[in-house]
Structures are given as C-alpha cells and as structure tokens.
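What follows is a short report on a single structure.
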Amino acid sequence: MPELPEVETIRLALRQGAGGAPKLPGQRIEGVRLGWPRHIAAPSPAAFRRRILGQTIQDVQRRGKYLVLPLTQGTLLIHLMMSGDLGMLPAGEPPRPHDHTILTLDTGWELRFNDPRKFGKVLLLPRPEQLLGGLGPEPLSSQFTRQVLADRLAGRGRRLKPLLLDQSFVAGLGNIYADEALHRARLHPMRRSDSLRPEEVAALWRGIRQALRAGLRHNGASIDWVYRGGDFQNHFRAYGRTGEPCPVCGTPIQRIVVGQRSTHFCPQCQQERPA
DNA sequence: CACGAGACCTGTTCGC
DNA sequence: TGCGAACAGGTCTCGT
C-alpha cells in the first residue's frame with residue numbers, strides 16, 4: 001500500500017485542495033455510492049450510508065497509514081492497503097474502473113476511493129482512538145526519540161524487518177521504507193531487535209526518519225500502474241534494486257524473503273555480524 | 001511470544 | 001504468441 005509518505009502526500013492534497021478541486025474540510029457529504037460494499041469494515045454498509053449522509057468533513061489528518069477524517073459526528077477512517085487511492089473528481093464524471101466507494105459532496109465534487117485489489121478499508125467510528133490507539137508511535141513525531149526506539153527494540157526478540165512492518169511497533173513503515181531505513185542504518189534485516197548496540201539503535205532511528213523524510217520530499221513513490229505523482233521510486237537505495245549496485249559500495253543488492261515479504265539489502269553494508 | 005502459512009483480490013510481468 | 005506462475009506499497013487469523 002501506500003506507506004506513510006504516500007498517505008501523507010494524499011492527505012495534504014485533500015486537505016489543501018489540488019488539481020482544481022476544493023479543499024475537503026468544510027464539505028458536506030450528500031451522497032454515497034458503495035460499488036464494493038465490503039470496503040466498509042464498520043459499521044454495516046446500510047448503517048454507514050445512513051450515518052454519513054449530511055455530515056460535514058472537519059479536517060483531513062493521518063495516523064500511521066490511516067487517513068483520519070473527523071466528521072460532525074464520529075470519524076471516517078480510510079486505509080488504502082496495497083492498491084488504494086483517494087482522489088477528487090467532478091461529480092458526474094463516469095466512474096473509472098475500480099472506483100468502488102464514492103462520496104458525493106455539496107461542492108459538486110466527489111471523493112473517490114479507487115482500489116483495484118479491493119483490500120482497502122473504510123470505517124466510520126464514534127471513537128476512532130479505539131482503533132488508532134493500538135498503533136505504535138508516529139516515527140516523525142518528537143515523541144519518537146532514540147530512547148523510545150531503544151526501549152521498544154530491547155523489549156522483544158524479533159527480526160528487524162518484520163518488526164519494522166509491525167504497525168504496533170512503529171506506525172507508517174511498509175515494505176519500501178523498512179528496506180530503505182535498514183539500508184541507511186546499515187543493519188541486516190534478520191538482526192534480532194534486542195541485539196543492537198546503542199550506536200546501532202541510533203543509526204536505525206536516523207535511518208527510519210531519513211528514509212521517510214526523503215519519501216516525503218519526493219511526494220512518495222509511484223510504482224507500476226499505481227501512479228500518484230511522486231517520484232521517490234527513482235531514489236530507492238535498496239528496495240526493488242535486486243542485482244543493481246549498492247549506492248554506497250557498489251555491491252549488487254540482494255533479494256531475500258523475510259516474513260513472507262520481499263526484502264532488499266546490501267550484503268556488504270548490512271552484515272548480520274558487524275565486521 | 002515469535003513465526004510461517006494461508007486468506008483476501010486484481011493486474012502485470014516473467015519464464016518456458 | 002500463449003499460458004501459467006510469480007509477484008505486487010498490507011493486514012488478519014490460525015496453527016505450531
């Protein structure tokens with residue numbers, strides 16, 4: 001899915017208005033089209049339709065990979081998962097393929113959730129903190145200090161790659177930014193979280209934040225047919241670069257599978273046992 | 001607790 | 001050219 005930088009890029013576009021579309025905050029929801037009702041994870045599609053009609057969107061926020069839209073009553077949460085995209089189109093434009101969930105607004109525009117793989121989730125919750133509270137810290141917030149990371153790493157004996165993907169450990173990293181963070185930190189994806197020396201913890205902390213910030217600067221990555229305007233895909237150091245030279249040392253990037261996810265790393269820079 | 005397998009979906013790319 | 005396999009930015013549940 002879009003990871004933190006991609007979701008944040010979408011958030012900013014929706015909140016500020018882009019491409020001729022007016023900003024989302026202040027707009028009232030006047031119509032709902034559920035082309036794939038299973039998009040609606042809570043409440044039931046019927047209750048969702050009933051409760052969301054007439055509500056005004058107050059803001060567009062983000063927590064981890066969730067878009068968080070406080071409404072007059074309750075909060076709309078959207079998770080784009082692997083292939084989801086959110087965008088504004090003029091009402092009346094015919095639905096494109098995979099435009100499954102559409103909210104019609106009082107400005108003559110529509111908020112459309114396009115999602116080829118249909119993994120995405122939409123929730124309308126009275127108390128969103130119930131769900132968001134289970135997420136780990138925001139990696140770019142001031143709360144996420146080296147010490148917080150050190151304590152969380154030491155608290156468990158897991159391999160780094162799956163741990164970085166665990167949203168209850170830290171919120172917002174996905175397969176791309178986990179690989180990019182580990183490469184920047186020069187840490188092997190299989191290293192045990194409780195085996196890191198203090199300087200390695202510091203390197204991981206910097207690696208996570210630098211990778212995410214780089215993604216944000218480039219407005220996220222656009223891969224395959226899922227194009228969102230970002231160009232961070234042209235600046236990957238490890239992810240998806242199997243066989244290509246490591247930008248640091250020139251050694252070919254290697255691909256392995258960890259926790260059933262493709263994992264890309266430099267076998268020279270990121271050794272299991274530090275040289 | 002940590003981890004692997006399988007499920008949920010469609011579309012693209014790869015290999016023979 | 002054709003066709004099946006592998007793969008894809010994520011998360012959940014189940015079993016060991």
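A note on names: the letters A, B, ... follow the listed sequences, proteins ahead of strands, and every chain is numbered from 1.
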By the 4.0 Å heavy-atom rule, please label A:Tyr177 as base, sugar-phosphate, or nothing. nothing
Across all strands shown, which nucleotide pairs with B:dC9 by Watson-Crick or G-U wobble geometry, both distances under 3.5 Å? none
Under 4.0 angstrom between A:Lys118 side-chain N/O and B:dC8 OP1 or OP2: no
Contacts of A:Gly155 and A:Gln260 projected onto DNA chain B by closest heavy atom; the upstream (5') one is A:Gly155
Under 4.0 Å: is that the gap between some side-chain N or O of A:Arg192 and OP1 or OP2 of B:dC3? yes
So, is A:Arg117 near the phosphate of C:dA8, with a side-chain N or O under 4.0 Å from OP1 or OP2? no
Considering only heavy side-chain atoms of A:Lys65, the closest of C:dG9, B:dC8, C:dG10 is C:dG10
Classify A:Gly157 by what it touches in the nucleic acid, base, sugar-phosphate, or nothing, heavy-atom distance under 4.0 Å. sugar-phosphate
Would you say a side-chain N or O of A:Arg159 is under 4.0 Å from OP1 or OP2 of B:dA2? no
Does A:Lys121 make a side-chain N or O approach to OP1 or OP2 of C:dG10 shorter than 4.0 Å? no
We want to know whether A:Tyr177 and A:Glu6 form a side-chain donor-acceptor pair, criterion being a heavy-atom distance below 3.5 angstrom. yes
Side-chain atoms of A:Gln167 come closest, of C:dT11, C:dA8, B:dA2, to C:dT11
If you compare every side-chain N and O of A:Ser83 against the phosphate oxygens of C:dG10 (OP1, OP2), does one of them come in below 4.0 Å? no
Looking only at side-chain N and O atoms, does A:His98 come under 4.0 Å of OP1 or OP2 in B:dT10? no
Categorize A:Gly220 for me: base, sugar-phosphate, or nothing, with a 4.0 angstrom heavy-atom threshold over every strand shown. nothing
Counting Watson-Crick and G-U wobble pairs only, both distances under 3.5 Å, name the nucleotide matched with C:dG15, or none. B:dC3
Does the side-chain ring of A:Phe119 lie flat on the base of C:dT11, meaning centres under 5.5 Å and planes less than 30 degrees apart? no
For B:dG4, does either OP1 or OP2 sit under 4.0 Å from a side-chain N or O belonging to A:Arg158? no
